[in-house]
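These numbers come from a predicted model, not from an experiment. Note that the numbering runs from 1 along the sequence shown for the chain.
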Amino acid sequence: MTCLPGQSESMALDDLGQMLAIGSPDHLSVYCLTIEEGTELSRQVGLNQTAVLDDDQQAIILTRIWEYLASQGYDQYEVSNFCKPGKACKHNLVYWHLNSYVGLGSSAASTLIGPQESYHYQQTQDLRTFSAMPVFSGYDKELLSTEQCMEEFVMMSLRLSKGIEKASFANRFHGDFDTRFHHAIQTLHPAWYFSDANHFHVTTEGMLLLDEIILRLVMQIPQPLDRPYSL
């Protein structure tokens with residue numbers, strides 16, 4: 001966790017250096033602090049009792065961390081995840097590639113991607129109820145529309161350094177990526193992304209603006225009138 005209140009660039013790099021000196025892990029994740037509503041930290045920030053770093057300060061720290069990890073032999077294969085060569089997390093890649101996965105237990109979620117239909121399952125029971133009820137009870141089932149799957153595909157794929165494989169998009173959604181998102185891509189600064197015949201991915205500068213880039217592309221996907229955009 002980085003970009004903590006009061007943390008400087010040098011402090012963040014020192015923390016990271018000490019961690020690598022202990023074990024030099026094959027894989028690590030680097031996330032910015034998120035202020036969650038309803039927490040004590042959120043209350044302190046709202047009362048100006050705790051100051052958090054602004055966007056520019058966070059961008060400086062993140063960029064320096066990314067550069068440092070690259071110098072230590074780590075590949076930034078996902079916006080917040082780094083690994084030594086060949087050590088990417090196979091578990092998380094299932095989510096980022098929008099493949100099927102099964103979650104078991106109280107409040108767990110599952111997604112099953114099929115050739116014709118895809119479904120999302122949400123386990124709705126708290127732990128006490130889950131323990132008392134029959135196995136596989138308490139699940140809500142939602143049929144996912146093509147548009148919902150496309151939205152998730154764009155959101156997840158753009159987190160990866162390899163980005164969107166255009167042939168994979170065409171196979172999944174029976175349409176051309178460049179044609180579908182032409183107008184949205186035209187609004188992006190050229191320094192934010194790279195696009196050729198095979199791939200579309202964000203650059204290092206684009207990673208710092210990933211939410212904005214995803215939003216612009218997702219806005220090109222038709223949505224049911226009763227389902228607002230949400231990221």
Checklist entry - Would you say the side chain of Pro5 lies within less than 4.5 Å of the side chain of Leu33, judging by non-hydrogen atoms? => result yes
Next on the checklist: Just so I know, are the side chains of Glu67 and Thr63 near enough to count as touching, which here means a heavy-atom distance under 4.5 Å?
Outcome noted: yes
Checklist entry - Would a 4.5 Å heavy-atom cut-off, applied to side chains only, mark His183 and Gln220 as touching? => result yes
Checklist entry - Cluster partners of Val102, using ILVMFWY side-chain heavy atoms under 4.5 angstrom, listed by chain and number? => result Leu104, Leu112, Tyr119, Tyr121, Val135, Phe136, Tyr139, Leu143
Next on the checklist: Around atom CG of Asp196, are there more than 12 heavy atoms from other residues, nucleotides or ligands closer than 6.0 Å?
Outcome noted: yes
Checklist outcome for this item: Separation between CD1 (Ile113) and CG (Asn99), nearest 0.5 Å, reads 8.0 Å
Checklist entry - Are any of the side-chain heavy atoms of Gln125 and Ser137 separated by less than 4.5 Å? => result yes
Checklist outcome for this item: When rounded to the nearest 0.5 Å, the distance separating CD1 of Ile221 from CG of Leu217 is 7.5 Å
Item to check | Closest non-hydrogen atom pair, Leu20 against Pro25 | outcome: CD2-CD, 3.9 Å
Next on the checklist: Is it true that, when you exclude Gln186 itself, more than 12 heavy atoms of the residues, nucleotides or ligands shown sit nearer than 6.0 Å to its CD?
Outcome noted: yes
Checklist entry - Which distance, rounded to the nearest 0.5 Å, do you find between the CG of Asp176 and the NZ of Lys166? => result 7.5 Å
Checklist outcome for this item: On a heavy-atom basis, the closest approach of Leu210 and Val202 is CD1-CG1, 4.1 Å
Solution key, residues 44-53 side-chain donor-acceptor pairs under 3.5 Å, sequence neighbours excluded:
from, atom 1, to, atom 2, distance (Å)
Gln44, OE1, Thr50, OG1, 2.7
Gln44, NE2, Glu40, OE2, 3.0

Checklist entry - If you round to the nearest 0.5 Å, how far is CZ of Phe82 from CG of Asp26? => result 15.0 Å
Checklist entry - So, for Leu62 and Cys3, which heavy atoms are closest and what is the spacing to 0.1 Å? => result CG-SG, 4.5 Å
Checklist entry - Side chains of Thr2 and Gln7: closer than 4.5 Å at any heavy-atom pair? => result yes
Item to check | Pairwise side-chain contact, Arg159 with Ser80, heavy-atom cut-off 4.5 Å (strictly under) | outcome: yes
Checklist outcome for this item: Paired with Tyr77, the ring pair (Phe, Tyr, Trp, His ring centres under 6.0 Å) test is passed by just one of His201, His27, His97, namely His27
Checklist entry - With a 6.0 Å cut-off on ring centres, are Phe181 and Phe200 close enough? => result no
Next on the checklist: Within the structure provided, determine whether Ile65 and Leu13 are in side-chain contact (heavy-atom separation under 4.5 Å).
Outcome noted: yes
Next on the checklist: I'd like to know whether the aromatic ring centres of Phe177 and Phe169 sit less than 6.0 Å apart in this structure.
Outcome noted: yes
Checklist outcome for this item: Taken to the nearest 0.5 Å, the spacing of Gln122 CD from Ser110 OG works out to 8.5 Å
Checklist entry - Can you find a heavy atom in the side chain of Trp66 that is under 4.5 Å from one in the side chain of Met207? => result yes
